[in-house]
Amino acid sequence: MQGQDGERDRHGARNGGGRSPGAPDGTSARASAETSAEAPTGTPGEVPAGAPAEVPDPEPRRGRPRSAAAERAILDAVIDLLEAGEPLAGLSIERIARTAGVGKATIYRRWSGKEELFVDVVRDMEPDDPPVSGTEGLADLRVMLESLRTRGLAQRSSALLHNIFAQMKSHPMLWNEYHGTVIAPRRLAMVEAVRRAVAAGELRDDLDVELIDDLFVGPMLVRTVHRPDAPLPDDLADRIITALLQGLAPAARV
């Protein structure tokens, strides 16, 4: 990943292609064509209380498949604006909709507000969460620790992603949304993997599983969050697991 352009290339490739050249304000031509082809067929989706009234846009009514191209255009519009230097706090649904080439109601049908939308933008930019077996203990723990490492690498290599996280932490509503919908489920998955490892006899059963989880995750978080200059080698997850399983006390002398 090299700079913001490299980031966009990865971003578009992972989600089924980038924008069409020449589309105004970063709008996907395919999204515009698909959206305009969807004729209104009933009552538009509800807009949250307090949201500005507007003429319904030609989006599918409830129960019909949502336009993946429109969602892609909306996510890309937010990234376009952030890359142009717009702060998160300064982005409005109206500005995002105009940049994406969709109506505001299109956004409100998919996200309840800016916080929910921004969280999806961050998740879209981060590496995907890897699949785990859901039945193994230490093996799943290793996969999730490696995922923490790769997300740390992504933040280091993307100035935009790093900047977004810095801004998120100064906006409690946005950070709480990200914590509740992204961080908390990841932590729960780690704790459940610890429980499976304990049940399988891979870890001690006389310690609190929350403490065991903290012992595994803590070193990786220190390296990825608190020590941005610390190395993140490919074998870091294995080294953390090995150190914890072997313990830190010196080997007994014979």
Side-chain angles (χ1 to χ4, degrees), residues 1-15 18-19 25-28 48 50-52 70-102 104 106-129 144 147-188 217-218 220-230 232:
M1 188 182 314
Q2 294 181 349
Q4 294 176 353
D5 291 336
E7 176 183 301
R8 285 289 263 301
D9 291 340
R10 176 191 65 78
H11 188 66
R14 188 163 66 85
N15 291 281
R19 305 179 182 80
D25 296 325
T27 303
S28 167
E71 291 190 7
R72 180 73 262 152
I74 293 165
L75 295 174
D76 284 341
V78 176
I79 295 172
D80 280 339
L81 293 168
L82 292 171
E83 286 180 339
E86 294 287 342
L88 281 173
L91 294 183
S92 66
I93 293 295
E94 182 176 9
R95 178 82 181 279
I96 296 167
R98 186 168 64 249
T99 303
V102 301
K104 287 181 287 186
T106 303
I107 297 178
Y108 282 120
R109 287 191 189 99
R110 291 158 171 79
W111 296 278
S112 63
K114 291 198 301 183
E115 287 78 18
E116 191 175 285
L117 169 56
F118 292 161
V119 167
D120 273 359
V121 169
V122 174
R123 295 179 76 167
D124 188 68
M125 294 178 66
E126 289 184 316
D128 290 330
D129 287 335
M144 287 183 273
S147 180
L148 279 175
R149 187 187 73 87
T150 56
R151 285 199 298 274
L153 287 171
Q155 286 192 44
R156 290 184 183 186
S157 62
S158 168
L160 177 60
L161 191 56
H162 178 81
N163 185 38
I164 289 175
F165 270 98
Q167 293 186 59
M168 282 173 61
K169 292 176 182 179
S170 64
H171 294 82
M173 288 183 62
L174 179 53
W175 182 251
N176 289 340
E177 179 74 19
Y178 181 78
H179 188 279
T181 61
V182 179
I183 296 178
R186 286 172 178 165
R187 185 174 188 280
L188 178 60
V217 178
M220 191 65 80
L221 288 180
V222 167
R223 286 288 185 99
T224 57
V225 177
H226 300 295
R227 293 182 57 200
D229 59 332
L232 296 174

Exercise for the section: Write down the atom of Ala73, the atom of Ala100, and the distance for their closest heavy-atom approach. Expected result: O-CB, 3.6 Å
Exercise for the section: Return the minimal non-hydrogen interatomic distance between Thr150 and Pro127, and the atom names on each side. Expected result: O-CG, 3.9 Å
Practice task
State which residues pass side chain to side chain contact (heavy atoms under 4.5 Å, CB included) with Ser170; sequence neighbours excluded, sorted by chain then number.
Solution key: none
Problem - Distance, nearest 0.5 Å, that separates CG of Asp128 from CZ of Arg151 - result: 10.5 Å
Practice task
Would you give the length of the straight line joining atom CD1 of Ile93 to atom CZ of Arg98, rounded to the nearest 0.5 angstrom?
Solution key: 12.5 Å
Problem - Flag side-chain contact, heavy atom, 4.5 Å: Trp111 against Val121 - result: no
Fill in the blank from the handout: The complete set of salt bridge (Lys or Arg N to Asp or Glu O under 4.0 Å) pairs with one or both residues in residues 154-181, sequence neighbours excluded, reads none
Fill in the blank from the handout: Rounded to the nearest 0.5 angstrom, the CG-CD distance for Leu117 and Glu71 is 10.0 Å
Practice task
Hey, could you give me the OG1/CD1 distance between Thr99 and Ile79, rounded to the nearest 0.5 Å?
Solution key: 12.5 Å
Problem - Sub-4.5 Å side-chain heavy-atom contact between Met144 and Arg186 - result: no
Problem - Whether Asp124 side chain and Asp120 backbone form a donor-acceptor pair below 3.5 Å - result: no
Exercise for the section: Using modelled atom types only, decide if a donor and an acceptor are shared between the side chain of Ser158 and the backbone of Gln155 within a distance under 3.5 Å. Expected result: no
Problem - Within residues 88-97 or reaching into it, pairs that qualify as side chain to side chain donor-acceptor pair (under 3.5 Å) - sequence neighbours excluded - result: Glu86-Arg95
Handout entry: Lys114 side chain vs Leu91 backbone, donor-acceptor pair below 3.5 Å
Key = yes
Exercise for the section: Identify, with sequence neighbours excluded, every residue that meets side chain to side chain contact (heavy atoms under 4.5 Å, CB included) alongside Val122. Expected result: Glu126, Leu161, Ile164, Phe165, Met168, Tyr178
Problem - N/O donor-acceptor pair under 3.5 Å between Arg123 side chain and Val182 backbone - result: no
Fill in the blank from the handout: When rounded to the nearest 0.5 Å, the distance separating CG of Leu232 from CZ of Arg227 is 9.5 Å
Practice task
Measure from the side-chain N and O atoms of Thr224 to the backbone N and O of Met220, and report whether any donor-acceptor pair falls under 3.5 Å.
Solution key: yes
Problem - Contacts of type side chain to side chain contact (heavy atoms under 4.5 Å, CB included), residue Asn163, not counting sequence neighbours - result: Gln167
Handout entry: Atom pair CG/CE of Leu82 and Met125 - distance to nearest 0.5 Å
Key = 7.5 Å
Completion exercise
Correct closest heavy-atom pair for Ala77 and Ile96 would be CB-O, 3.8 Å
Completion exercise
For Arg223, the side chain to side chain donor-acceptor pair (under 3.5 Å) test, sequence neighbours excluded, returns none
